[in-house]
> 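I have a structure here, written as structure tokens, and I will follow up with some questions on it.
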Amino acid sequence: MPIITIEQAGQYDGQEVTLRGWLYNQRESGKLLFPIFRDGTGIMQGVCSLKEQPAAFEALRGLTQESSVIVTGKIRAEQRAPGGFEIGVSAVEVLQRVSESQPYPIQLKEHGVDFLLNQRHLWIRSPRQAAILRIRAEAIRAAREFMDGQGYTLTDAPIFTPAACEGTTTLFEVQYIDDEKAYLTQSGQLYVEATAMALGKVYAFGPTFRAEKSKTRRHLTEFWMLEPEAAYADLGDMMELGEGLVSHVVQSVLKNRTRELEALKRDTTKLATVKAPFPRISYDEAIAVLQKSGNPAKHGDDFGGDEETILSSQYDRPLIVHRYPAAIKAFYMQPDPQRPDLALGFDMLAPEGYGEIIGGGQRIHDYDLLVKRLREHNLPEESFQWYLDLRRYGSVPHAGFGLGLERTVAWICGTEHIREVIPFPRMIYRVYP
Ligand code: ATP
Ligand code: MN
């Protein structure tokens with residue numbers, strides 16, 4: 001008897017197979033049972049009759065939700081069943097029966113989100129959450145495939161760091177060995193700048209940490225970033241790499257995770273158009289667009305969620321905004337030679353109000369300018385000596401960016417909040433479970 005997954009059922013039409021999973025739900029109708037099984041790859045409806053399969057019927061009757069089961073039966077095409085196939089159950093082995101006195105806490109009804117977040121270790125079993133996590137995995141796979149294909153080498157950055165790189169307000173301090181202090185990384189960027197000078201084109205992909213104290217739909221305190229960095233590269237190179245990367249990720253999910261997008265009822269026509277090149281406007285043009293729409297933004301302001309939504313809603317694919325005022329950007333941004341008050345940086349804003357998914361640009365390569373900026377930002381120069389070495393020894397123009405994985409996946413999935421797209425979200429008031 002072949003052991004198969006629900007995802008593979010279509011290849012076994014008319015054959016007797018074994019599925020290993022859990023009882024997701026069951027409808028009982030006299031001498032017929034209609035169980036629904038899940039196995040992590042999908043859900044499948046079954047049919048079991050008392051007359052034909054009395055032993056299997058007895059095993060299933062009254063079986064509690066989420067009990068673990070191994071089921072044998074014949075796969076057959078059934079138009080009305082989810083996935084297009086059902087299983088005619090002939091044998092059932094119950095591995096662990098969930099007790100009636102302590103039933104599975106998540107019923108098949110609407111629950112409040114706080115309750116579900118407290119049950120996150122179980123909530124991820126629900127078909128919608130599992131679909132989201134499969135899409136996340138595909139997005140990661142596709143992103144790495146793209147970066148590797150472009151000749152970028154994976155060089156991961158450390159998580160314990162000696163200093164801040166994105167401003168001190170969101171730093172997590174940890175006690176390191178003895179009395180030494182360290183900080184959880186806010187970005188791997190400074191380190192990929194070093195590996196870029198060693199290997200040319202590199203990227204890091206890992207968790208980053210920011211003590212975000214505001215409660216929004218798009219901020220986690222622990223999130224994953226993909227950070228490419230390239231020697232001898234400029235702003236234009238990175239805008240092009242970013243749009244290629246995002247197009248490839250979206251198109252791969254559309255192609256390889258069709259069922260999951262369907263399960264989420266995602267309007268995929270809104271994703272199908274996501275192909276490079278993306279529209280590009282300057283910060284100054286963005287301010288003009290905002291003012292025309294009645295938004296009070298003026299030159300020098302940073303954009304919040306509202307501004308990003310107004311800007312991106314004019315397009316059917318992500319929007320690139322470039323050349324922000326240097327004053328509102330990080331210390332390492334290279335100034336525009338034509339307008340030194342502007343930084344050679346860019347943000348990529350996702351459509352449908354999902355906000356910034358990429359931030360990046362060209363880095364300062366001049367030693368003196370970088371030292372000046374460190375001082376202006378009151379950053380501890382001693383901690384940055386190694387970073388300054390990159391400008392002492394063979395400095396070259398270089399550029400990179402950070403793509404926020406969860407922002408990107410939330411947009412692709414169309415979820416209301418970013419917390420659903422990471423297995424165990426960490427937020428302002430949540431570190432459990
Ligand atoms: P924002 O202004 O939207 O908070 P940022 O400009 O501080 O973001 P960057 O430092 O540019 O963010 O980080 C690069 C990318 O990482 C962002 O474009 C975004 O996709 C993602 N990101 C940043 N902060 C968070 C967070 N707290 N939770 C999830 N993703 C984040
Ligand atoms: Mn940014």
Side-chain angles (χ1 to χ4, degrees), residues 136 139-140 143 157 161 164-172 184-190 192 203-229 235 238-239 241-243 245-246 249 278 283 286 301-309 311-312 318-333 343-351 353-363 377 399-413 415 417-430:
R136 175 190 171 97
I140 294 171
T161 61
C165 65
E166 293 292 329
T168 48
T169 52
T170 65
L171 261 190
F172 276 111
L184 298 183
T185 185
Q186 300 165 297
S187 155
Q189 185 202 314
L190 306 188
V192 285
Y203 67 106
F205 181 54
T208 49
F209 306 85
R210 295 188 190 178
E212 306 274 4
K213 305 217 177 64
S214 55
K215 231 176 160 178
T216 76
R217 304 190 290 126
R218 35 176 103 158
H219 289 94
L220 298 166
T221 53
E222 178 178 329
F223 62 98
W224 285 62
M225 243 205 288
L226 188 147
E227 297 179 272
E229 192 74 31
L235 172 63
M238 284 305 124
M239 295 197 285
L241 185 74
E243 64 192 9
L245 170 63
V246 169
V249 167
F278 295 168
Y283 171 87
D301 292 352
D302 204 356
F303 300 149
D306 291 347
E307 288 75 26
E308 290 177 354
T309 302
L311 291 171
S312 62
L319 168 68
I320 291 176
V321 182
H322 54 82
R323 295 180 170 79
Y324 285 72
I328 56 171
K329 288 290 175 186
F331 75 93
Y332 48 70
M333 290 253 187
L344 290 178
F346 76 103
D347 281 359
M348 187 186 289
L349 311 179
Y354 282 89
E356 184 192 321
I357 51 174
I358 286 183
Q362 224 170 298
R363 326 302 191 186
H377 283 79
F401 64 78
L403 168 101
L405 176 71
E406 289 78 13
R407 294 259 182 103
T408 307
V409 175
W411 157 53
I412 293 174
C413 291
T415 62
H417 195 295
I418 192 173
R419 65 191 162 211
E420 277 182 86
V421 308
I422 187 165
F424 294 95
R426 299 291 175 243
M427 291 173 290
I428 169 168
Y429 297 123
R430 177 162 302 276

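Starting from 1, each residue takes its place in the sequence as its number. Just so you know, ligand 1 is whichever comes first in the structure, and atom 1 is the first atom listed for that ligand.
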> Check each heavy atom of His219 against ligand 1 and say whether those closer than 4.0 Å belong to the side chain, the backbone, both or neither.
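Both backbone and side chain.
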> Please identify which atoms of ligand 1 are closer than 4.0 Å to at least one heavy atom of Arg210.
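Every atom of ligand 1 under 4.0 Å from some heavy atom of Arg210: 5 (P), 7 (O), 9 (P), 10 (O), 12 (O), 13 (O), 23 (C), 24 (N).
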> Suppose we screen for side chain to side chain contact (heavy atoms under 4.5 Å, CB included). Which residues come up paired with Thr221, at least two apart in sequence or across chains?
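For Thr221 the side chain to side chain contact (heavy atoms under 4.5 Å, CB included) partners, ignoring immediate neighbours, are Phe172, Arg426.
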> Give yes if a backbone or side-chain nitrogen or oxygen of Glu308 is under 3.5 Å from a nitrogen or oxygen of ligand 1, and no if not.
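Not met; the criterion fails.
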> Please work out, at 4.0 Å between heavy atoms, whether the side chain, the backbone, both, or neither of Ile358 comes within that distance of ligand 1.
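The answer is the backbone.
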> Is there side-chain contact between Arg407 and His219, with at least one heavy-atom pair below 4.5 Å?
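Yes - at least one pair of side-chain heavy atoms lies under 4.5 Å apart.
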> Taking 2.8 Å as the distance threshold, tell me the number of protein N/O/S atoms next to the Mn ion (ligand 2).
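For the Mn ion (ligand 2), the figure is 1.
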> How would you list, by chain and number, every residue that makes a side chain to side chain contact (heavy atoms under 4.5 Å, CB included) with Ala286, sequence neighbours excluded?
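With sequence neighbours excluded, Ala286 shows a side chain to side chain contact (heavy atoms under 4.5 Å, CB included) to Ile281, Phe303, Leu311, Val321, given in chain and number order.
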> Any idea which atoms of ligand 1 are less than 4.0 Å away from a heavy-atom of Ile418?
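Those qualifying, in numeric order: 29 (C).
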> Of all the atoms in ligand 1, which lie at a distance below 4.0 Å from a heavy atom belonging to Gly402?
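Close to Gly402: 14 (C), 15 (C).
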> In sequence, state the C-alpha distance, the side-chain angles, and the governing distance for Phe223 and Thr208, and then conclude on side chain to side chain contact (heavy atoms under 4.5 Å, CB included).
CA-CA 5 Å; Phe223 62 98; Thr208 49; 3.3 Å; yes
> What part of Glu356 sits under 4.0 Å from ligand 1 if we count only heavy atoms: the side chain, the backbone, both or neither?
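Contact part for Glu356 vs ligand 1: both backbone and side chain.
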> Can you list the ligand 1 atoms lying under 4.0 Å from a non-hydrogen atom of Met225?
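In order of number, 14 (C), 16 (O).
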> If the condition is side chain to side chain contact (heavy atoms under 4.5 Å, CB included), which residues does Met427 pass it with, not counting sequence neighbours?
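Result, side chain to side chain contact (heavy atoms under 4.5 Å, CB included) vs Met427: Leu117, Leu220, His417, Arg419, Pro425, Arg430.
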> Would you say Phe223 has any N or O atom under 3.5 Å from an N or O of ligand 1, going by distance alone?
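No - when backbone and side-chain N and O of Phe223 are compared with those of ligand 1, no distance drops under 3.5 Å.
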